[in-house]
There are 2 protein chains.
Amino acid sequence: MAEKSEKPEKPEKKKDKPQTRAEREADRRRVILRAAVEVFSKKGYLGCRIQDVAKEAGVAYGLVYHYFKNKDELLESVFASGWQNFLGRVQSEIGRDQDLASRVRGVVHVAFEAYRRDPKGVKVLILEVGRSPAGGAVNRGSAFSAVIVAAAQMFAAAQQRNEIPSHLDPTLAATMLFGCIEMGLTSFVMGLLDKRDDQAIERARDQVAETFLNGITQARAGTGASIPNVRTIRSADTSAGGIETARQRPRPSN
Amino acid sequence: MAEKSEKPEKPEKKKDKPQTRAEREADRRRVILRAAVEVFSKKGYLGCRIQDVAKEAGVAYGLVYHYFKNKDELLESVFASGWQNFLGRVQSEIGRDQDLASRVRGVVHVAFEAYRRDPKGVKVLILEVGRSPAGGAVNRGSAFSAVIVAAAQMFAAAQQRNEIPSHLDPTLAATMLFGCIEMGLTSFVMGLLDKRDDQAIERARDQVAETFLNGITQARAGTGASIPNVRTIRSADTSAGGIETARQRPRPSN
DNA sequence: GCCCGCATTGACTCCGGAATCAATTTTCCG
DNA sequence: CGGAAAATTGATTCCGGAGTCAATGCGGGC
């Protein structure tokens, strides 16, 4: 549907505007989408105004509404164009016909590469799409789960093949993998590591992949040697801890 | 400062209201703070209305402003009471006079325990305080960094004592640790794992701790065997990937 | 060159939510 | 008790931002 009418009368005469109407339209759409990513990454979905997006895109306020029904659909589109893409890549890595290690490295690589190409986009995905309650209607979260689930299956299969110990929970393993990746990236976003240092990004990528692989591969397997003395100290405080904002009686008065 | 005036005329006559004025006042404050946590966790900081907080707390709209200067200070207080507390616990674990493994387990334990006690509170800290651009003014992020930095120092010191390989980046190691913890918890928040299953929480906790420790401890150390063949496949696609929303020319038309 | 129609504009409406405040109730002291 | 001060209420004000729309510009088909 919506095939661009093959005009023989438009033989690319100028490189500036060789585009058919439909092309320019699509371009506009992309520009606005891109601007949205930019702005969302700065202020968050709820924190930003359509005016910001319009300004960033260099178009009039109203035009945003010409291309997108409303703010929510805009976010939805950012999501679709960005995350779907990312998700596809990750899943293709996961699905590769290779040993676990290679595939894990592949996943890590894809994530870091995406970050290198488009930090802002990744930031939005991580912050808004991945978890934020923003909007709320859509499937966001579920799509995020999708990657986890896919990775979990990969680990489960690896267990069948004895590539990793069977006592591990595949879902949790998947979770940890993406936790490492995500926080690794976040530490760049937040300036804990220098994002302009390509070397650093590569080193981070490799350390994440290798450390995680070590952890999971050589896990003190079913030998049972793992869970035993996990809690050595602790215990005394079990009563006190937590985030707990409201306590019943702050302290027993004394 | 602000010591409760020791009234001899208030000998705890009723268990319902044995409180001095200052006590009741503090209670109210806590109730509102708690309500804020509750509501923030549902809708996010920007997504919720003061009215929601008031209703949740069972008080009048205006009262919220009696106890807190504005919405932002409210978030700030949630932050202070929750995160500071958590931060303190984590740092005390980090500072313990023990081997690295025990301390890492301690940190993981504290985090998971906090979550078990108050999932909502943790969620807010993770989602809003930790990273969200919400508000923006405050130091949020920096406080988040604080834990990372503290943990990084722990790892650096452990390297001195040869407890872990020297080629690891301590900051990144810290980052990965909290990444694993955070995502582990998130998977409960998101329903990937059953949060009502205490067993599951404990198992998750231990798996996170042990896997991470394995990964970091036995890392194919400075043998140099690690970074080499990291990138085996990949490479061909380096040009394609990313989140990239707006591409210059979608494809060479053809 | 002349229209037709879609792209584009930005002023305007409308609403919801933050913050204020005068009025009312409660507390607690002498 | 009496009354002053603090707690508590919710209607009211005010503002900023989402979404609308009539007016204008522009491309491209004839």
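Just so we're on the same page: letters track the sequence lines, and every chain starts at 1.
- Scanning all heavy atoms of the two residues, the minimum distance from B:Ala54 to B:Tyr61 falls at CB-CA, 3.8 Å.
- To the nearest angstrom, C1' of C:dC6 lies 12 Å from CG of A:Leu63.
- Comparing C:dT8, D:dT8, C:dA18 by their closest approach to the side chain of A:Arg28 singles out C:dT8.
- With rounding to whole Å, B:Leu74 atom CG is found 13 Å from C:dA19 atom C1'.
- The aromatic rings of A:Phe188 and A:Tyr115 sit tilted, their planes meeting at an angle between 30° and 60°.
- As judged by a 4.0 angstrom heavy-atom cut-off over every strand, A:Ile50 is placed among residues touching the sugar-phosphate backbone only.
- Comment: B:Arg116 engages B:Glu202 in a salt bridge, judged by a side-chain N to carboxylate O separation of less than 4.0 angstrom.
- Screening A:Val53, A:Asp118, A:Val39, A:Val78 for a side chain to side chain contact (heavy atoms under 4.5 Å, CB included) involving A:Arg34 leaves a single residue, A:Asp118.
- Nearest nucleotide to the side chain of B:His66, out of C:dA7, D:dT8, D:dA18: D:dT8.
- Distance from the side chain of B:Ala60 is smallest to D:dG10 among D:dG10, D:dA18, D:dA7.
- Distance from the side chain of A:Arg49 is smallest for D:dG17 among the nucleotides D:dG17, D:dT8, C:dT8.
- Separating the NZ atom of B:Lys55 from the P atom of C:dG16 is a distance of 14 Å, rounded to the nearest angstrom.
- In terms of modelled atom types and a separation under 3.5 Å, the side chain of A:Lys43 and the main chain of A:Arg49 share no donor-acceptor contact.
- Between the CG atom of A:Leu46 and the P atom of C:dG17 there is a distance of 11 Å, given to the nearest Å.
- The side chain of B:Tyr67 lies closest to D:dA7 when the candidates are D:dA7, C:dA19, D:dT20.
- For the pair A:Lys69 NZ and D:dA18 P, the interatomic distance rounds to 15 Å; values are reported in whole Å.
- The distance between atom CD of B:Gln51 and atom C1' of C:dA19, rounded to the nearest whole Å, is 13 Å.
- Among C:dT8, C:dA19, D:dT20, the nucleotide with an atom closest to any side-chain atom of B:Tyr61 is C:dA19.
- For the pair A:Asn70 CG and D:dT20 P, the computed distance is 8 Å after rounding to whole Å.
- The OH atom of B:Tyr65 sits 8 Å away from the C1' atom of C:dG17 (whole-angstrom rounding).
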